[in-house]
Number of protein chains: 2
Amino acid sequence: MNRKATALDVAKLAGVSRSAVSLVLNGRGDGNVAKESQVRIREAAATLNYTPNAIAVSLRNRRSRIIGIVSDQVVTSPFDGNIIAGADAVARSQGFVTVVMDTESDESRDESAVSTLLDRQVDGLMYVTVGLRPLHVPLNMLRVPSVLANCFDDRPEAGVPAVIPDEVRGGREAATHLLELGHRDIAFLAGDSITPAAPRRIQGHCDAFEAAGLPVRPGRIIQAGWDIDAGFHGAMKLLDGVAAADRPTAIVCANDRLAIGVVLAANRLGLAIPQDLSIMGYDDEFRIASTMVPALTTMALPLREMGAAAMTGLLGELSEEPENDDSVRADQTLVPCRLVVRESTGPVPAGRN
Amino acid sequence: MNRKATALDVAKLAGVSRSAVSLVLNGRGDGNVAKESQVRIREAAATLNYTPNAIAVSLRNRRSRIIGIVSDQVVTSPFDGNIIAGADAVARSQGFVTVVMDTESDESRDESAVSTLLDRQVDGLMYVTVGLRPLHVPLNMLRVPSVLANCFDDRPEAGVPAVIPDEVRGGREAATHLLELGHRDIAFLAGDSITPAAPRRIQGHCDAFEAAGLPVRPGRIIQAGWDIDAGFHGAMKLLDGVAAADRPTAIVCANDRLAIGVVLAANRLGLAIPQDLSIMGYDDEFRIASTMVPALTTMALPLREMGAAAMTGLLGELSEEPENDDSVRADQTLVPCRLVVRESTGPVPAGRN
DNA sequence: TTGAAAGCGGTACCAC
DNA sequence: GTGGTACCGCTTTCAA
């Protein structure tokens, strides 16, 4: 538990100066330090188990190689941890470390979280949210290069790039999957519209019908909620006591938990899945969608990819020439979702196409 | 985006020296700096929007006020983020910041994660796991005060304190809840025994029966798995085609997802919950247990509390006199679980008690 | 090729 | 009370 070795210790042991140690260990030894010295330095460093003090390096270089991540409740929620995981993997691969501050959805803590991070001299910032949503970036976030993941600032002047899932396309491809299976009467169980994810998925859903030249039956888009019970009750409304010919043959849900509720309802009503009813989820929630009975066909959110893309962009910005400060690029990168076909969807029942 | 103000800037503006600024802003002004100067310094700091550079402070004080957290897959999993959240809340309240490195369950990355953290000069370390499990603490972890959360090192000489849930008691109280409702034939659906959580919960289960002077029917403890499908198939084995008098009247599951599977099966078999069958979960998984249909009675894991307790202990150790280094306290703190009664459990069906 | 020395932004000791 | 100054550990320039 004795103090860690410093560059000076290494220098002494190798019989050289600290400068030499620094040069060699940073790969700029050739042409500056004699070959023999280099070897001795390397050996000394190894025997002393020397690694540089990152704090001191940060202070000296005025770059901490720390990326601050502010999240609204990613850490405590079972959902989007993968965004952070994806981001962190990229950061780590480039010698960065991330420190995340979770505001637990208390927006009044945004600014102070960013301040704390700024005081720690983070080189860049990333704001991550659990669900897709618009927000006003904390002003002090603009002090360092920043990026938004799974959220966006819709004020055009904000100028912070965002990486978000292509929800419209996701909704469209989900519907298309079912249309191709012959379904014509498809219901959509949405969550509330507090997050723009729901309306966008619905938009895509309708787009698919329009492209197919088919109408969306009125009353088939139901705003229920996001949880199991909402799915259950929504499904009961759609199915319970309704004549077979008047039931939708497929239900697409705005997330996998809704889909669980729908399956629960179908089981209770004695409907076989997918023979009598096809069910789709959304999210491909870890260990939920794939282990359901039946396993859920779902639209996977590209969480890891989003995190990775956001971090890659951010780090890229950091290494660029810092001349072009005010080239306000308010990009918005759309990452496509991934259709995962499992057992809960199948051909439309005979006579209903 | 201009450079941040430094203590020197403040000193100049206030017409004093850096030392004075440091003293005042650290609350040791009285008795050292004239009242007027104090005011001027505070004003100057405010107008310049000065906050100290944490990196510089760390270097000088040789304490970074950073706690490193190594997790096996907490971040990406939907489970134990709350351990980290609880830990982080405590850390933040004392001016610490946490940086978590997720090894994504690759144990070979343990050492390097710890090294990275150590290079960053963390003041302490915490190791968190998703499921309760024994482990060998990475050796270099012993270089700074450390704590384990939801895991433990069973080598007596390890000497790293651990905070874990009281699983035995949890299993006992779950069984007791059902026994009190009159159930006598209770099945236990366990996960695999890779994690000691399962055997401990089973242990508690059997303890409760023994305390009640009742036998556990043979074949009623089933090792299934941890996911929805395992619950489904386990339940089918227990219930499908079995005479009513020979069916268990209650099933307690080793987690909430197993319970979902059991409900799914019950629904399919036309069994009403809790009238025909009581079902218990374990974990009180966020937005799962409380929104199931019916809402699940479950045993809540004290995740936040564990994280908070672990961090509190760790920070306490940091502020203690560092004289008593080798007082190898291999404590193990057991945090009790919390019974949450909802709708999925009820009195035993008539004639089965 | 090498080493001395100047900071990076603070803190804290020590004369005055 | 006050300001000068050494130092935390490292990088980098510059003179020898």
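Since this is a predicted model, take the numbers as computed values, not measurements.
- A close approach under 4.0 Å does not occur between any side-chain nitrogen or oxygen of A/S17 and OP1 or OP2 of C/dA4.
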Go through the steps to decide whether B/V163 and B/N150 satisfy the test side chain to side chain contact (heavy atoms under 4.5 Å, CB included), and finish with yes or no.
-> CA-CA 6 Å; B/V163 177; B/N150 211 23; over 6 Å; no
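- Put simply, CD on B/Q38 is 16 Å from C1' on D/dG3, counting in whole angstrom units.
- Residues A/D30 and A/K35 are paired through a salt bridge, judged by an N-O separation under 4.0 Å between the basic side chain and the carboxylate.
- Using a 4.0 Å heavy-atom criterion, one finds that A/S37 contacts the sugar-phosphate atoms exclusively.
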Audit row: B/D110, B/Y127, side chain to side chain donor-acceptor pair (under 3.5 Å) steps and yes/no | CA-CA 10 Å; B/D110 275 4; B/Y127 198 117; 2.9 Å; yes
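- Toward the 5′ end of DNA chain D lies the nearest nucleotide of B/N32, the other residue of the pair B/N32 and B/A56 mapping further downstream.
- Within the 4.0 angstrom heavy-atom criterion, no nucleotide atom of any strand lies near B/V21.
- Considering only the side chain of B/A34, D/dT2 comes nearest among C/dG10, D/dC10, D/dT2.
- In terms of position on DNA chain D, the residue among B/K35 and B/L59 whose nearest nucleotide sits closer to the 5' end is B/K35.
- A salt bridge between A/D72 and A/R133 is present, with a side-chain N of the basic residue lying under 4.0 Å from a carboxylate O of the acidic one.
- Considering every non-hydrogen atom in both B/P145 and B/L318, the closest pair reads CG-CD2, 3.5 Å.
- B/E104 has a carboxylate O that lies under 4.0 Å from a charged side-chain N of A/R304, or vice versa, which qualifies the two as a salt bridge.
- Note that CD of B/Q121 is 6.0 Å distant from CD1 of A/I55, once rounded to the nearest 0.5 Å.
- Axis angle, first five pairs versus last five pairs of the helix from C/dT1-D/dA16 to C/dC16-D/dG1: 60°, rounded to 10°.
- Taking only side-chain nitrogens and oxygens, B/Y50 comes nearer than 4.0 Å to OP1 or OP2 of C/dG10.
- A distance-only check finds no donor-acceptor pair linking the side chain of B/R92 to the backbone of B/A87 [under 3.5 Å].
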Could you walk me through whether A/R40 and A/V16 pass the side chain to side chain contact (heavy atoms under 4.5 Å, CB included) check?
-> CA-CA 9 Å; A/R40 287 212 312 287; A/V16 298; 3.9 Å; yes
Give every pair of a protein N or O atom and an N or O atom of nucleotides 12-16 of chain C that lie under 3.5 Å apart, one pair per line with the distance.
| from | atom 1 | to | atom 2 | distance (Å) |
| --- | --- | --- | --- | --- |
| C/dA12 | OP2 | B/R28 | NH2 | 2.8 |
| C/dA12 | N6 | B/S19 | OG | 3.3 |

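- Distance, B/D119 CG to D/dG9 C1': 13 Å, rounded to whole Å.
- Atom CZ of B/R40 and atom P of D/dG3 are 9 Å apart (whole Å).
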